[in-house]
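The structure appears below as structure tokens.
In what follows, residues are counted from 1 in the order of the sequence shown. Atom set for the values below is all heavy atoms of this structure, side chains included, hydrogens, waters and symmetry mates excluded. Whatever order the structure lists ligands and atoms in, that order sets their numbers, starting from 1.
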Amino acid sequence: MEGQFVLPFFILYNMRKLLLLAVISLSFGNLSAQNTTYWQQHAAYKMDVTMDVKNYQYKGKQELVYTNNSHDTLKRVFYHLFNNAFRPGSEMDARIQSIKDPDARMIIKKKAGDLTIKESRIKTLKPNEIGYLNITNFKQDGVIAVAKTVGTILEVTLAKPILPNSKTTFTLDFDGQVPVQIRRSGRNNIEGVELSMAQWYPKMAEFDFEGWHADPYIAREFHGVWGDFDVNITIDKDYILGGTGYLQNQNEIGHGYQDAGVEVVYPKKTKTLTWHFIAPMVHDFAWAADKNYMHDVVKGPNDVDLHFLYKNNPKTIENWKKLEPLMVHVVDFFNRKIGDYPYKQYSFIQGGDGGMEYAMCTLILGDGTLEGIFGTATHELGHSWFQHVLGSNESKHPWMDEGFTTYVEDLAVNEMADKKVKNPFKGNYAAYYDLVESGKEQPQTTHGDRYDENRPYSISSYVKGSIFLSQLGYVIGEDKLAETIKRYYRDYKFKHPTPNDIKRTAERVSGANLDWYLTDWTQTTNTIDYGIKDVKDNSGKTIVILERIGRMPMPIDLLVEYTDGTTESFYIPLRMMSFEKENPNPAVTRTVLNDWAWAYPTFEFSISKSKTSIKKITIDPSGLMADLKRENNTYEIK
Ligand SMILES: [Zn+2]
């Protein structure tokens, strides 16, 4: 009450001070909001869906119990209707038509004289080939709410606001059409899999500390609300399904899911089966179905059931059989490198249009070479950790899921190879240098849809994201990196970690200050280039002068090889890290020099031996520092 009397006084006499006060109180308000402990929304889905396999249309009912754990009162909510992207004139269609390097899967190439014209496949879809998802009868706690479809988003104005720490129940009816496969989900993929059902249902958009993430479906990628799914899928009895979730009625369904020794006999007039799946603590639900699937179940580490569903194609069956024991090893490898896979089941399913990760499963193409499907299966399995358990936002920070997955994929492929290499990441560095040279690099803070072209997106996300970790091993040491990955998983599983969380984890584990690393590497396109500027004789000793040419700072490992065959290493800590890395190669004597502060362009140190006794000096012999111009990293005395 008192404030109301004070206010006119301020307005009349001290407007500026009032504004200042308002600004101060606003910023305090923000500060307290940022400092509140972590929270996340929760969604419990119940869905009943019936698939008509003749016209690829499906109808369903959805009940969603939504818990608002935020500090905000919500007056609107948003759902994704991904299927609507596959219609002529959609944003996805427009993007295919305007981007310089459209995804080859999404275009048809046509010859027009000497020219090749790329035509959007979405543009050519007929009404019975498009995708759609229509919503009717939307209710909140039994009361009709206004739900408006805008492209691939459903905007819902609530009948009553959802208060902090309260629940509400949304119900709706949906009917959809499975599009001809253009990207990820769809019908009749190029290998003849009938139904790849990803992003097929009305999916609640995520609301987190940053607000709503109701991104339209243009290209990439996904972010969802953590929760539980209870899904009934009714489909022609001849279809075999694989996907997210544990089948609850396996002894009624059969198709390889039944318990050992159970013989499944369908009642005589059975035309359809209703598959009942339950998936706890996931943020997505995908499935695939085909009449011609082979279905094997293999026991993996910790008693996890690994399901393999693939086309009964004599040309590729052998590859899939060989894949099975390999993937048991890879699950074990990831368990050891990152932490235990937390669900009881994972399915490798032939489907989709390449390889895409979903909760507890992947859809991958399966007709290629064993090497090819092994690489894809390993990558997609890796996403079970980096995205499906560590649920980082794939749209905003694609480098966190694609990059970290690529990192563990490269480690696993090397681990499984007959001939192991010392640096399995070499190709990544070459691709990253290539991107920088092209001049098309955009910072990793760019939203996945906002890259000018597809190739810079891919290299930035998969490759530069992977180097974030391999290079971090150089910065804090391999042991500390290994510990960082395990702790990151332990601390952030079943949450939505952000870029700062991986950085803070590395800081907690190593004790190093790493803000500069996250900033320069992920928020700018600054590059690294250190060089050996001069090597001088100084009365029996040698003076070495190094220079920092690139904007991004780094600590320096340096190796000196002498003419007598001996070696010696030097380490120059980076001042802003306040950290000294352990000697990465204890077999070689290491001298720790003074630290090098970023603002000084050069650094000088002395070697106790004469210049004539030196054969070669190398900055970063490991090759794990992404130094753009490696030619100035070595100095050879001939
Ligand atoms: Zn990936």
Side-chain angles (χ1 to χ4, degrees), residues 82 103-106 183-185 189 196 198-199 215 217-224 244 282-284 286 288 323 327 330-331 333-334 337-338 341 346-366 368 371-414 424-425 427-428 431-432 435 444 446-449 451 454-470 485 488-489 496-497 499 502 522:
F82 296 109
D103 190 315
R105 290 166 289 202
M106 301 166 88
R183 188 74 185 87
R184 300 192 181 98
S185 57
N189 83 346
S196 298
Q199 293 93 34
D215 291 343
Y217 190 26
I218 297 171
R220 53 181 82 94
E221 267 192 11
F222 308 102
H223 191 47
T244 307
V282 290
H283 51 77
D284 198 14
L323 181 70
M327 296 323 290
V330 178
V331 174
F333 180 77
F334 288 159
K337 278 281 158 197
I338 314 163
Y341 177 76
Y346 186 85
S347 302
F348 298 91
I349 305 163
Q350 187 172 3
D353 63 354
M356 185 65 198
E357 68 276 14
Y358 302 105
M360 299 166 69
C361 69
T362 178
L363 301 186
I364 61 171
L365 288 182
E371 202 188 5
I373 57 173
F374 168 69
T376 310
T378 299
H379 179 90
E380 304 312 335
L381 175 69
H383 275 301
S384 279
W385 284 261
F386 299 110
Q387 222 283 305
H388 283 288
V389 179
L390 294 157
S392 52
N393 185 332
E394 289 183 310
S395 301
K396 284 192 76 169
H397 317 295
W399 61 275
M400 292 184 75
D401 63 290
E402 295 303 351
F404 296 0
T405 297
T406 300
Y407 174 80
V408 294
E409 172 201 350
D410 290 343
L411 282 181
V413 168
N414 195 40
F425 313 108
N428 296 340
Y432 162 66
L435 171 66
Q444 287 178 311
T446 307
H447 185 286
D449 284 327
Y451 282 84
N454 283 321
R455 193 173 166 272
Y457 157 81
S458 299
I459 297 177
S460 177
S461 308
Y462 290 72
V463 168
K464 198 183 177 192
S466 158
I467 299 174
F468 179 92
L469 288 183
S470 55
I485 291 169
Y488 174 59
Y489 182 68
H496 291 307
I502 182 69
T522 72

Give the table of side-chain donor-acceptor pairs shorter than 3.5 Å for residues 355-365, with sequence neighbours excluded, one pair per line with atom names and distance.
| unit_1 | atom_1 | unit_2 | atom_2 | d |
| --- | --- | --- | --- | --- |
| Thr362 | OG1 | Met356 | O | 2.9 |

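By the 30° and 60° cut-offs, the orientation of the rings of Phe82 relative to Phe222 is perpendicular. A tilted orientation is assigned to the rings of Tyr341 and Trp385, their planes being inclined by 30° to 60°. A perpendicular orientation is assigned to the rings of Tyr488 and Phe404, their planes being inclined by more than 60° (bins at 30° and 60°).
Residues His447 and Asp215 meet the side-chain proximity criterion, which asks for heavy atoms closer than 4.5 Å.
Looking only at distances, no side-chain donor or acceptor of Ser392 sits under 3.5 Å from a matching main-chain atom of Gln387.
Take a cut-off of 2.8 Å around the Zn ion (ligand 1): the protein N, O or S atoms inside it are His379 NE2, His383 NE2, Glu402 OE1.
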